[in-house]
Amino acid sequence: MEQELVEYIAKNLVNAPEQVKVSRRLTSSSVIVELRVAQQDMGRIIGKNGRVANAIRALLRVAAGDQHRDKRVILDID
Amino acid sequence: MEPRRSIEATGESIQEAIDKGLAALGAAPNEVIVEVLEEPSRGVFGIGARPARVRLQVLITRPPAPPPAPPAPPPAPTAQSEKTERKPREHSEHKEPREQKARAERRERRAERPPRQERAPRPPADELLEDHEDDEALPLTDAGPDVDEAELDDDVKVAREVLMQLLQKMSVRAQISVRRVETTRESGRENEAAPWLLNVTGHELNPLIGRRGETLAALQYVTRLISSRQLQHRANIIVDVDGYKSRRSQLLRGLALRMAEQAVQQKRTVALEPMPPHERRIIHLTLRDHAQVSTRSVGEGEGRKVTIVPK
């Protein structure tokens with residue numbers, strides 16, 4: 001579910017939705033969601049002072065929810 | 001290195017807590033700023049009763065002679081307060097001295113009202129994506145009546161769909177109910193159309209609210225961002241979860257009035273606990289027309305809080 005959430009948000013904020021790529025990895029201590037967007041869309045995903053990225057992280061935390069309660073949730077953007 | 005002394009004290013009433021704190025500090029009432037951390041609550045049948053908790057911060061008004069009494073160790077908290085009330089506001093205890101000093105310096109310069117009027121008129125286009133932070137500040141009274149599906153406009157339809165998608169992808173099972181907000185004169189925006197209120201209801205939605213409503217703020221922000229982009233104009237909507245914002249807003253207005261009363265009676269500045277911007281705004285707006293006090297925010301970031309100053 002984590003990927004779907006990030007993918008939905010990202011695709012609806014960028015100008016080049018076809019270049020949105022999301023993957024997810026699990027380690028023993030974290031859930032890592034990697035988000036790639038077109039270079040010119042970086043600003044839209046990060047936002048002023050990282051506000052958009054931080055909001056996505058907050059929601060991601062909810063999405064990771066019960067299953068990964070004990071893990072850190074990390075959103076990597078590049 | 002710590003430039004100011006502060007302690008916490010508890011008591012059955014706020015006044016009692018303040019008196020104890022003053023005694024522990026050996027300070028006079030006019031030498032401290034009182035921050036009310038928690039109002040006393042009686043609980044139900046004595047269960048869950050909590051003492052009043054205040055923090056006294058000594059203003060540096062005296063020459064820097066060694067303090068009369070060694071900085072009192074925090075008064076042994078009563079067993080009760082220790083047990084029942086530790087977690088919710090730890091954040092206010094972790095201020096690093098350095099940060100605090102910087103804050104104190106900035107304090108002089110920054111005594112502004114909430115920033116809504118100061119914003120430059122925003123250009124269109126991508127700026128649509130920027131949120132009006134202060135929109136969240138609408139002192140929500142009870143929302144208006146339920147509305148018929150036929151009365152819904154594009155703003156709310158789009159936003160509801162976006163919100164639904166977000167919730168679904170977060171694996172949150174919930175319903176969304178839609179109403180018009182009844183704006184009050186206090187909102188300071190009586191000339192604008194009332195926004196739509198999308199209230200998410202369901203079971204165990206606390207994670208969706210988050211600490212101090214932070215997750216809810218994120219949810220609203222993202223919902224607005226995506227909706228505004230689809231609509232090509234700013235979506236005039238507010239997102240709430242289980243009526244959290246309405247409740248909080250009522251609570252804050254009550255708090256503002258009580259604390260104003262106290263500031264007047266005791267002729268001294270009362271500081272509230274740190275709050276996020278939209279909550280501070282509710283305090284400012286509530287006391288905007290108060291004859292005997294004025295309000296200002298002090299501190300930075302997470303620690304920024306409203307102080308109520310007798311006129």
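Quick caveat: nothing in here was measured; it's all calculated off a predicted structure. Below, read A as the first sequence line, B as the second, and so on, with proteins coming before strands; counting in each chain starts at 1.
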So which of [options] has the biggest tally of heavy-atom pairs under 4.5 Å with chain B?
{"options": "A:N54, A:V6, A:L5", "result": "A:L5"}
{"options": "A:A64, A:A63, A:G65", "result": "A:A63"}
{"options": "A:I56, A:V14, A:L60", "result": "A:V14"}

Considering only NZ, NE, NH1 and NH2 on the basic side and carboxylate oxygens on the acidic side, decide whether [X] and [Y] come within less than 4.0 Å.
{"X": "A:R24", "Y": "A:E4", "result": "no"}
{"X": "B:E214", "Y": "A:R57", "result": "no"}
{"X": "B:D154", "Y": "B:K157", "result": "no"}
{"X": "B:R248", "Y": "B:E279", "result": "yes"}

**Prompt:** Cation over ring, B:R180 on B:W196, under 6.0 Å and within 45°?
**Reply:** yes
**Item:** Check: B:V298 and B:K305 side chains under 4.5 Å, non-hydrogen atoms
**Value:** yes
**Fill in**
Taken in chain and number order and not counting sequence neighbours, the residues that satisfy salt bridge (Lys or Arg N to Asp or Glu O under 4.0 Å) with A:R72 are none
**Asked** Crowded around B:D153 CG? As in, over 12 foreign heavy atoms under 6.0 Å?
**Response** yes
**Item:** Those residues of residues 29-38 of chain A, ordered by number, that approach chain B below 4.5 Å (heavy atom to heavy atom)
**Value:** none
**Prompt:** Which of the residues B:V162, B:L167, B:V172, B:L208 is involved in the greatest number of heavy-atom pairs with chain A at under 4.5 angstrom?
**Reply:** B:V162
